[in-house]
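Following: one structure in structure tokens, then a few remarks.
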Amino acid sequence: MLVSNKILAVVTFLYLFLFFAHLVYFATKQERVLTFVWVALYVTFGLHTAGLVVRWVESYRLSIGHAPLSNFYESLIFYGWCISLIVIVMKKRLRFPLLTMFACLIALGFMGYASFSSSVDKKIQPLIPALQSNWLHIHVFTCFIAYASFAVSFLAGLFSIFNWKSVMPPEERLEELNYRSVMVGFPMLSAGILTGAVWAHYAWGSYWSWDPKETWSLITWIFYALFLHARFARGWKGRRIALLSIIGFASVIFTYFGVNFILSGLHSYGAA
Amino acid sequence: MSATKSNVGREGEPPPSPSFLDHAYEFLSSVTLAIALLAFIAVASIFGTLVKQQASPEEYLSFYSESTYTIIRFLGLDDVFHSKWFIGAISLLVLNLIFCSLPRFIRLLKSRATVKIPNEKALDAMGLRCLLPGKKIDDIAGVFKRYRNAQNNEGSRVLERGSLGRYAVYMVHLSIIIILVGGLIGVLFGYRGPLTLAKGETKDSVVARGSTSERKPLGFAIKLDDFKVSFYPSGEPKDYVSNVEVLENGKSVLQKSIRVNDPLNYNGVNIYQSSYGSNPVFVFDVGGERVELGQGGVYQKDKLHLLAVRYEKSVHNFGPGVQIAYVEQDGQPQTTWFLKDVARLREKSILGTTVRLDDIKEDYYTGLEVSRDPGVWVVWFGFALILFGLYVNFFLYHRRIYLVEVSKGVLVAGTALKNKEGFKEEFEKLKGKLGCS
Ligand code: HEM
């Protein structure tokens with residue numbers, strides 16, 4: 001077993017631990033616990049980053065040599081990493097423990113699926129020629145940052161629908177958070193789709209071929225464009241916007257998983 | 001959002017009732033239509049991924065019942081992205097964009113020329129405001145170094161920041177149109193098609209993919225000098241390279257190794273590495289002479305005629321073999337199999353000559369993809385503009401600060417339409433610097 005796989009399995013448990021640490025906070029309501037949670041989150045993120053770096057180094061040892069962004073296992077791990085990154089970068093606006101708790105839960109879900117499902121191949125695989133391109137890095141990076149931001153938008157939407165009193169951030173803060181995450185996610189998804197198109201142009205000679213993955217990312221993109229217009233040009237608020245952000249995330253998840261498992265196409269290796 | 005139009009008639013006269021054109025304009029410029037169209041295009045695209053596109057009738061019928069297939073055909077769901085209604089929806093979106101954005105843009109340009117200073121009452125009503133008693137505008141101007149002077153009047157001043165932010169939406173909307181125009185140019189004036197080349201072969205045209213399979217001249221010739229495939233230990237291809245030469249009037253003008261992700265670009269024509277394949281080559285020893293035959297290849301010497309008719313990777317599980325046709329002494333055509341891995345069937349005597357199959361080699365040929373797309377730079381420009389526009393739209397925002405001298409001193413007030421949170425923080429900092437509460 002690769003060292004990186006072990007590190008990342010430990011990281012998975014750390015996310016589980018973080019989840020429980022949040023529960024402790026909700027039970028005790030002690031600020032000290034929250035401070036500790038953030039320290040633990042930084043440590044987890046550091047180790048997660050280390051896991052990715054070690055995997056990168058290991059791929060060179062195997063004389064394959066590529067960034068850990070190329071198969072399904074690696075993309076799940078990277079998705080988890082992007083969620084942590086977003087939480088840390090948006091710390092100022094994400095101070096709500098309920099939100100960080102659920103973000104950790106989502107990261108845990110991806111990490112756990114990657115580390116412990118037997119259907120996910122954890123080996124470092126060589127890159128087929130089409131994937132040997134620098135566009136791969138920027139394409140995958142932008143797409144997954146977008147997916148992670150939309151996960152935050154989804155949580156904001158979810159909370160404002162369920163409206164759990166005592167633990168809930170105030171409604172306006174949720175709306176602001178929802179908008180801010182789409183504000184990061186939409187340009188990032190645009191960049192992801194566009195870099196994908198440029199890459200496809202250089203690899204296959206066509207920047208757009210309506211392959212299912214491309215089409216679904218476009219559907220997701222159109223959906224978030226619709227979200228922005230409903231929000232800003234039509235002034236939708238509250239429940240309706242919350243619902244849109246939930247449907248939008250469903251589209252993200254389908255773009256990521258559904259297309260690989262249900263529909264097939266150029267991206268069937270699950271790179272992005 | 002309604003397009004506010006000045007239907008103000010002369011005093012006493014009722015405003016004229018809106019005509020059909022007014023309604024059409026209202027409809028075409030509404031955001032409601034934009035939302036409906038975006039939703040429609042998204043749903044249509046979902047169908048385009050759930051139903052297999054551009055497949056043959058047999059494929060559909062193996063999947064759907066006859067009546068379902070009739071409906072699919074009727075609705076054009078077997079080729080959503082080229083159907084008339086899909087293209088119609090996109091055209092309507094473009095119209096919607098133009099009708100919605102252009103008047104707003106013009107209004108924005110006009111409003112820029114005439115910034116009005118709100119009266120004292122309106123200033124008093126602004127949430128972000130403070131009064132500096134006993135000061136003049138010039139005393140405090142230094143604090144606003146990072147703001148642009150939008151207007152400088154006697155006793156009042158308008159300062160702005162992030163004004164580009166107001167134009168970003170129009171950049172984004174314009175770039176959507178640019179990208180679609182680029183795509184249209186490609187569809188109208190471009191072509192794509194596969195081109196296979198065996199080692200040493202030269203071609204100067206390609207059969208374009210699509211309904212009209214016409215032969216497109218490349219304007220030059222391309223010759224394959226060499227082709228190499230390398231594999232990972234796992235057997236997956238690692239790299240494939242076509243070494244080609246571009247020939248103009250028979251003269252070599254360019255040499256290039258085409259790889260996946262590294263196409264050849266010559267005179268606006270792009271040539272990509274897309275696939276490869278192999279043909280068997282049969283190596284015979286015919287009466288001591290080494291002979292290489294491809295599939296369908298012929299050997300002739302004196303009375304002896306040999307023709308490689310058929311190749312099988314596995315003949316009755318005895319390994320690869322080739323069927324050779326020849327003509328008997330009496331003029332009767334005959335066939336016989338040579339099997340590479342079976343000693344008894346490797347060597348035969350035909351018309352008194354010993355014929356032996358020494359080897360079956362794989363001769364690789366390259367599968368290239370040729371495409372000409374004069375719209376691609378337009379599309380790239382649209383991509384760059386939309387990314388820039390989105391960045392500016394979401395991360396810069398326009399805000400205004402008014403400085404007005406009133407009897408008690410200078411009144412400082414600020415407004416921002418977007419990012420009110422952020423502007424509030426900024427204004428609090430300014431208040432700190434100004435020392436006003
Ligand atoms: C796929 C197509 C479209 C994209 C990607 C797009 C993108 C955008 C973006 C990014 C914004 C800024 C939102 C914000 O500031 O949060 C915006 C605003 C807007 N868009 Fe679009 N748009 C599209 C189509 C349309 C269409 C067809 C209309 C026609 C009615 C339209 C009308 C507007 C309006 C009225 C605004 C608000 C401007 C404002 O707040 O001042 N958009 N659009």
Side-chain angles (χ1 to χ4, degrees), chain A residues 64 93 125-136 176 179-180 182-184 186-188 190-191 193-195 197-199 201-208 210-216 218-223 225-230 232-236 251 254 258-259 262-263 265, chain B residues 1 30-32 34-35 37-39 41-43 45-46 48-50 53-54 80-82 100 169 172 176 179 182-183 186 192 232-234 236-240 259-263 270-274 368-371 373 376 379-380 382-384 386-387 389-391 393-395 418 421:
Chain A
I64 291 169
R93 318 206 178 254
Q125 283 142 340
L127 284 184
I128 62 165
L131 290 184
Q132 298 164 9
S133 165
N134 284 331
W135 289 104
L136 171 77
E176 150 128 2
Y179 171 58
R180 289 211 172 258
V182 174
M183 177 179 122
V184 174
F186 190 71
M188 279 293 174
S190 310
I193 293 175
L194 303 189
T195 51
V198 176
W199 180 14
H201 172 79
Y202 286 106
W204 291 289
S206 163
Y207 54 80
W208 198 260
W210 296 108
D211 125 284
K213 192 94 174 180
E214 276 173 2
T215 309
W216 266 97
L218 182 70
I219 292 166
T220 304
W221 184 80
I222 291 176
F223 193 84
L226 193 154
F227 174 103
L228 288 173
H229 289 86
F232 286 94
R234 299 257 47 175
W236 285 22
S251 180
F254 194 83
V259 176
I262 299 167
L263 315 165
Chain B
M1 283 227 159
S30 70
V31 179
T32 312
I35 290 179
L37 281 173
L38 290 176
I41 292 169
V43 171
S45 304
I46 293 178
T49 62
L50 296 182
Q53 299 291 291
Q54 293 179 316
V80 170
F81 306 112
H82 303 98
C100 172
V169 168
V172 173
I176 301 276
I179 292 168
R192 287 165 62 72
Y232 289 108
S234 60
E236 290 196 50
K238 180 177 185 179
D239 193 14
Y240 26 118
R259 295 183 139 83
V260 183
N261 280 314
D262 184 15
N270 289 303
I271 302 182
Y272 301 85
Q273 185 68 60
S274 86
L368 302 172
E369 176 84 12
V370 177
S371 101
D373 187 346
V376 77
V379 173
W380 287 177
F383 283 6
I386 199 171
L387 288 183
L390 286 172
Y391 171 77
N393 183 64
F394 290 117
F395 298 100
K418 285 170 112 182
E421 281 287 310

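Letters A, B, ... mirror the listed sequences (proteins, then strands); counts begin at 1. All of these numbers come straight from a predicted model, not from anything done at the bench.
Contact annotation for B/F394: both backbone and side-chain heavy atoms come within less than 4.5 Å of a heavy atom of chain A. Interface remark: B/I386 contributes side-chain atoms only to the contact with chain A (heavy atom separation under 4.5 Å). Using a 4.5 Å cut-off between heavy atoms, A/W221 contacts chain B through its side chain alone, with no backbone atom that close. At a 4.5 Å heavy-atom cutoff, B/V172 makes no contact with chain A through either its backbone or its side chain. Contact of B/I176 with chain A is made through the side chain alone, with heavy-atom distances under 4.5 Å. No part of B/Q53 comes within reach of chain A, as not one of its non-hydrogen atoms sits under 4.5 angstrom from that chain. Contact annotation for B/Y391: neither backbone nor side-chain heavy atoms come within less than 4.5 Å of a heavy atom of chain A. If you measure heavy-atom distances from A/S206 to chain B, the contacts under 4.5 Å come from both the backbone and the side chain. For chain A, the nearby parts of B/S45 are the backbone and the side chain; heavy atoms of each come within less than 4.5 Å.
Contact annotation: the side chain of B/D262 never approaches that of A/Y202 to less than 4.5 Å [non-hydrogen atoms, C-beta and beyond]. A heavy-atom distance below 4.5 Å is found between the side chains of B/D373 and A/Y207.
Scanning all heavy atoms of the two residues, the minimum distance from B/L390 to A/S190 falls at CD1-OG, 3.2 Å. Of all non-hydrogen atoms in A/H229 and B/L38, the two that sit nearest each other are ND1-CD1, 4.4 Å.
Atom CD1 of B/I41 sits about 14.5 Å away from atom CZ of A/F223, to the nearest 0.5 Å. Atom CD1 of B/I179 sits about 6.0 Å away from atom CG of A/L194, to the nearest 0.5 Å. Distance CZ/A/F254 to OG1/B/T49: 6.0 Å, rounded to 0.5 Å. Atom CG of B/N393 sits about 10.0 Å away from atom CZ of A/F186, to the nearest 0.5 Å.
Considering only residues two or more places apart in sequence or on other chains, A/T215 meets the side-chain hydrogen bond (donor to acceptor under 3.5 Å, both in side chains) condition with none of them.
When B/L37, B/V376, B/D239 are compared by the number of non-hydrogen pairs under 4.5 Å with chain A, B/V376 comes out ahead.
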